[in-house]
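Only one structure is covered here, and it is reproduced in the block below.
Nothing fancy with the numbering, it's 1 onward along the sequence. All of these numbers come straight from a predicted model, not from anything done at the bench. Side chains included, hydrogens not; waters and symmetry mates left out as well; all remaining heavy atoms used.
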Amino acid sequence: MIANKDGGGHQQTLRTVFGWSPTFRPSFSSGTLDQAVEATQARLLEDQHPDGYWCGELEGDTILESEYVLLMAFLGREKDEVCIKACKYLHELRRPEGGWAIYPGGPFDISASVKAYFALKLVGMDPQHPTMVQTRDLILKAGGALECNSFTRFYLALLGQISYDQCPSVPPEILFVPSRLRFSLNAMSAWTRTIVVPLSIISALKPVRAVAPELGIGELFRPDLPAVSRRTKSLISWTNTFLVIDRLLKLAERVVPASWRRPGLRAAQRWMFDHCEDSDGLGAIFPPMIYTVIVLTALGHGPDSTLLRWAMEQLDDLMIEENGTIRLQPCVSPVWDTAITAIALADAGLPGFHPALLQAGRWLLDKEVRSPGDWQAQRPKVEPSGWYFQFSNEFYPDIDDSAMVIMSLGRTALAGSPACQAAVERSVAWILAMQNRDGGWAAFDADIDNEVLTKVPFADHNAMLDPSCADITARILEMLGGQGHRIDHPSVQAALEFLWATQEPEGCWYGRWGVNYIYGTWQVLLGLRAIDFPMDDPRVRRAVAWLKSVQQDGGGWGESCHSYDDPTTKGQGEPTASQTAWAVLGLMAAGETHSEPVRKGVSYLLDTQCSDGTWNETAFTGTGFPRVFYLKYHLYRVYFPLLALARFRASAAASLFEPSTPGALATRVPAIALSLDV
């Protein structure tokens with residue numbers, strides 16, 4: 001081991017002994033970096049489930065607890081202890097200024113606040129309690145409860161607070177619209193389909209459990225204001241056309257015999273029950289799981305019904321009880337968490353034959369999709385493959401998850417096995433077939449991009465479509481690069497055209513599935529590096545310059561969900577470990593390992609690491625539906641910083657010394673460098 005703490009003497013020794021010149025010297029020791037990496041490695045290894053997977057908590061906002069309580073009220077169980085505990089939790093998350101937001105530190109949100117107020121009142125909170133008074137004043141000031149979104153309105157109708165006429169019509173007959181018309185169910189995003197079908201049954205059956213007047217929220221309405229109008233100023237528009245259609249549908253419901261609607265209802269029920277097979281609840285996400293319980297109850301299933309008990313169990317599995325409170329997750333993320341954790345551990349030095357990586361790889365291989373799904377409406381002749389996000393969601397393999405799983409399997413000793421190779425080949429072929437006509441990739445489907453559908457009255461969840469996005473497209477490039485594909489591959493060329501067309505003037509990219517421009521830009525830089533794209537390209541350098549420009553004085557990076565509402569706040573927000581890791585990874589991919597911003601970013605991560613190998617992070621850095629629903633992946637603050645530190649350590653070590661004349665000692669550089677106290 002070479003030990004020389006004097007900078008000049010240290011460099012002279014290296015020149016004399018090895019004939020090499022140092023090009024980089026961080027301001028922290030390699031020992032500190034090693035300790036940080038090892039602490040996080042140990043924490044993740046400790047948290048691995050015996051079956052081989054990792055699954056961190058997936059946190060959403062308080063609409064989850066509120067909607068659960070409203071469901072229980074529909075079942076006549078609003079006084080159950082579980083509701084009290086859920087309301088205790090949502091009350092703890094109220095804004096100091098009153099009401100509720102959809103992400104920490106966010107502005108008042110009327111839909112979230114109406115549901116929270118209603119839930120609290122249902123479990124017995126006094127309307128004169130300061131929280132209720134404060135929230136009520138804010139809701140009335142914002143125009144009253146009818147200003148909430150369409151999905152909130154359905155809950156209000158369900159509990160007798162408004163008429164179903166004040167909700168958008170969702171006809172079950174939509175299942176009969178041919179896919180080729182681009183107005184069909186299959187023209188909507190995967191998650192919207194799982195919401196719309198059960199909602200169409202609710203819309204047709206109109207179930208109501210009117211709560212006692214003293215538990216209602218009549219005080220949140222503004223009779224002095226005219227009915228909310230969503231019409232556009234222009235007489236002829238798709239929005240106005242759909243509003244006219246909605247009015248005609250409501251009229252038809254009054255005059256059309258009930259027998260005429262039975263085929264549509266039967267088709268919707270059949271679709272819903274078929275899609276519950278091999279799935280952790282319908283769509284394996286919270287909203288349709290709630291609607292499933294409502295539909296089953298409306299169809300006459302009582303508490304002893306096997307189907308109803310199963311549906312309630314799927315919701316129970318999303319609960320986390322802690323400190324006398326209950327919170328609910330929007331879904332669970334084991335496949336996603338396992339794939340990224342395996343990549344981080346492997347890049348941090350865990351060998352591919354380590355038991356933890358072998359277990360994770362086997363668990364992931366068992367989750368490959370091998371049966372048909374909704375995506376085949378757009379790609380009917382493609383062999384099923386890919387991976388989903390949750391424990392079980394066979395109808396909906398996820399393109400993003402599939403790419404991440406392929407990359408993680410390549411880091412395990414299973415990569416050379418025939419079974420693994422076959423699964424990877426199938427999944428790569430499936431992903432390539434799912435490329436959109438614009439060259440990009442989306443989350444679940446191909447070519448779900450009919451913008452007209454965003455104008456229908458129930459499209460205000462801002463997720464009617466599943467269009468191409470830069471972050472997923474770039475991740476596919478990263479995966480394809482690992483499979484040996486380069487710039488001359490036709491799919492890669494088309495993807496590059498999409499990325500250049502969607503680059504922002506500042507040089508960054510919008511992040512659809514993570515917050516926000518930091519996420520999109522990081523992933524694009526990784527994708528470009530993987531396919532050996534020239535990193536001195538001016539477009540790449542603009543992206544690098546933008547990332548550097550939004551680094552904060554303390555060395556970290558942060559961006560608030562507010563940037564989705566106001567793009568002028570790109571890259572601005574409370575610094576976080578996950579977003580700092582993304583920026584560091586992006587800059588290193590662009591060849592900036594030796595730069596001051598990367599050094600400062602790594603120092604920030606080292607300085608803010610907790611003793612247990614994790615990082616504190618309160619901000620939401622995951623995205624569900626932009627401007628509507630955000631997420632906090634609790635493992636983002638663990639495996640992404642580990643990935644950044646590990647890759648920095650490897651990259652800095654490998655390039656710490658440049659040989660003036662290449663020699664046999666080149667392969668020894670990482671070991672030599674990491675033994676030095678630099």
Side-chain angles (χ1 to χ4, degrees), residues 24 26-28 103 105 469-471 473-475 478 496 499-529 533-608 615 617 619-623 626 636-637 640-641 643-645 647-648 651-652:
F24 175 71
S27 61
F28 37 80
Y103 59 88
C469 53
D471 42 321
T473 300
R475 186 163 287 122
E478 185 184 3
L496 286 172
L499 291 177
W500 302 135
T502 54
Q503 187 176 24
E504 298 288 326
E506 302 94 328
C508 54
W509 279 269
Y510 177 88
R512 168 60 182 86
W513 295 99
V515 183
N516 172 353
Y517 295 92
I518 293 175
Y519 184 87
T521 306
W522 150 68
Q523 186 54 64
V524 171
L525 290 174
L526 261 63
L528 295 175
R529 166 61 71 187
F533 188 85
M535 302 311 279
D536 58 354
D537 184 282
R539 294 164 293 191
V540 174
R541 303 325 298 173
R542 287 212 321 274
V544 169
W546 180 81
L547 272 179
K548 290 181 177 180
S549 73
V550 296
Q551 185 175 27
Q552 300 185 24
D553 291 341
W557 278 265
E559 184 173 358
S560 167
C561 302
H562 183 61
S563 63
Y564 287 102
D565 296 293
D566 182 5
T568 65
T569 63
K570 292 180 177 81
Q572 300 175 28
E574 169 194 349
T576 67
S578 59
Q579 290 166 322
T580 298
W582 298 339
V584 167
L585 287 164
L587 289 174
M588 287 195 296
E592 294 285 326
T593 301
H594 299 175
S595 69
E596 181 76 3
V598 167
R599 184 190 64 77
K600 289 176 65 178
V602 170
S603 293
Y604 173 86
L605 291 175
L606 293 174
D607 291 344
T608 56
W615 282 259
E617 187 166 293
F620 282 25
T621 62
T623 307
Y636 272 20
R637 63 188 174 91
F640 280 125
L643 195 58
L645 294 177
R647 289 187 183 176
F648 173 80
S651 182

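Between Trp546 and Ile518 the shortest side-chain heavy-atom distance falls below 4.5 Å. Under the 4.5 Å side-chain criterion, counting only non-hydrogen atoms from C-beta, Val544 is in contact with Lys548. Side-chain atoms of Thr502 and Tyr510, non-hydrogen and from C-beta on, never get closer than 4.5 Å to each other. Side chains of Pro597 and Leu587 form a contact here, defined as non-hydrogen atoms less than 4.5 Å apart. Between Arg475 and Leu526, every side-chain heavy-atom pair lies at or beyond the 4.5 Å cut-off. A heavy-atom distance below 4.5 Å is found between the side chains of Pro626 and Arg512.
If you check the side chains of Thr623 and Tyr564, you find a donor sitting under 3.5 Å from an acceptor. Judged by distance alone, the side chains of Ser651 and Thr593 do bring a donor and an acceptor atom under 3.5 Å apart.
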Candidate pair Val602 and Leu606, rule side chain to side chain contact (heavy atoms under 4.5 Å, CB included), full reasoning
CA-CA 6 Å; Val602 170; Leu606 293 174; 4.1 Å; yes
Evaluate the criterion side chain to side chain contact (heavy atoms under 4.5 Å, CB included) for residue pair Val598 and Met588; output intermediate values, then yes/no.
CA-CA 7 Å; Val598 167; Met588 287 195 296; 4.0 Å; yes
Would you please test Val524 and Val540 for side chain to side chain contact (heavy atoms under 4.5 Å, CB included) and show each step?
CA-CA 9 Å; Val524 171; Val540 174; over 6 Å; no
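By the neighbour-count criterion of 12 heavy atoms within 6.0 Å, atom CG of Asp566 is densely surrounded, having more than that number from other residues, nucleotides or ligands.
In summary, Arg541 and Glu592 engage in a salt bridge, as defined by a charged side-chain N under 4.0 Å from a carboxylate O.
In this structure, NZ in Lys600 is found 12.0 Å from CG in Asp607, a value given to the nearest 0.5 Å. Between the OG1 atom in Thr580 and the CD atom in Gln552 there is a gap of 7.5 Å [rounded to 0.5 Å]. The CD atom of Glu506 sits 4.0 Å away from the NZ atom of Lys570 when rounded to the nearest 0.5 Å.
A distance of 6.0 Å or more separates the ring centres of Trp557 and Phe640.
Shown here for Val584 and Ala644, the closest heavy-atom pair between the two residues is CG1-CB, 4.2 Å. What you find for Arg529 and Ala589 is that their closest heavy atoms are NE-O, 2.6 Å. Taking all atoms of both residues into account, the shortest heavy-atom contact from Leu525 to Ala543 is CD2-CB, 4.1 Å. Leu605 approaches Pro641 most closely through the heavy-atom pair CD2-CB, 4.2 Å. Closest approach of Gln523 to Ala474, counting heavy atoms only: O-CB, 3.3 Å. Heavy atoms only, all atoms of each residue included: Pro505 and Arg542 are closest at O-NE, 3.8 Å.
Within the 3.5 Å criterion, the main-chain N or O of Gly511 finds a donor-acceptor partner in the side chain of Asn516. A donor-acceptor pair under 3.5 Å is formed between the side chain of Glu559 and the backbone N or O of Tyr517. Glu617 places a side-chain N or O within 3.5 Å of a backbone atom of Ser578 that can act as its donor or acceptor partner. Here the side chain of Arg637 pairs a donor or acceptor atom with the backbone of Trp615 at under 3.5 angstrom. Distance alone, capped at 3.5 Å, places no donor-acceptor pair between the Thr473 side chain and the Ala470 backbone. Panel note: side chain Gln579, backbone Val515; a donor-acceptor pair is recorded below 3.5 Å.
Between Trp582 and Trp522, the ring-plane angle classifies as parallel under the 30° and 60° cut-offs.
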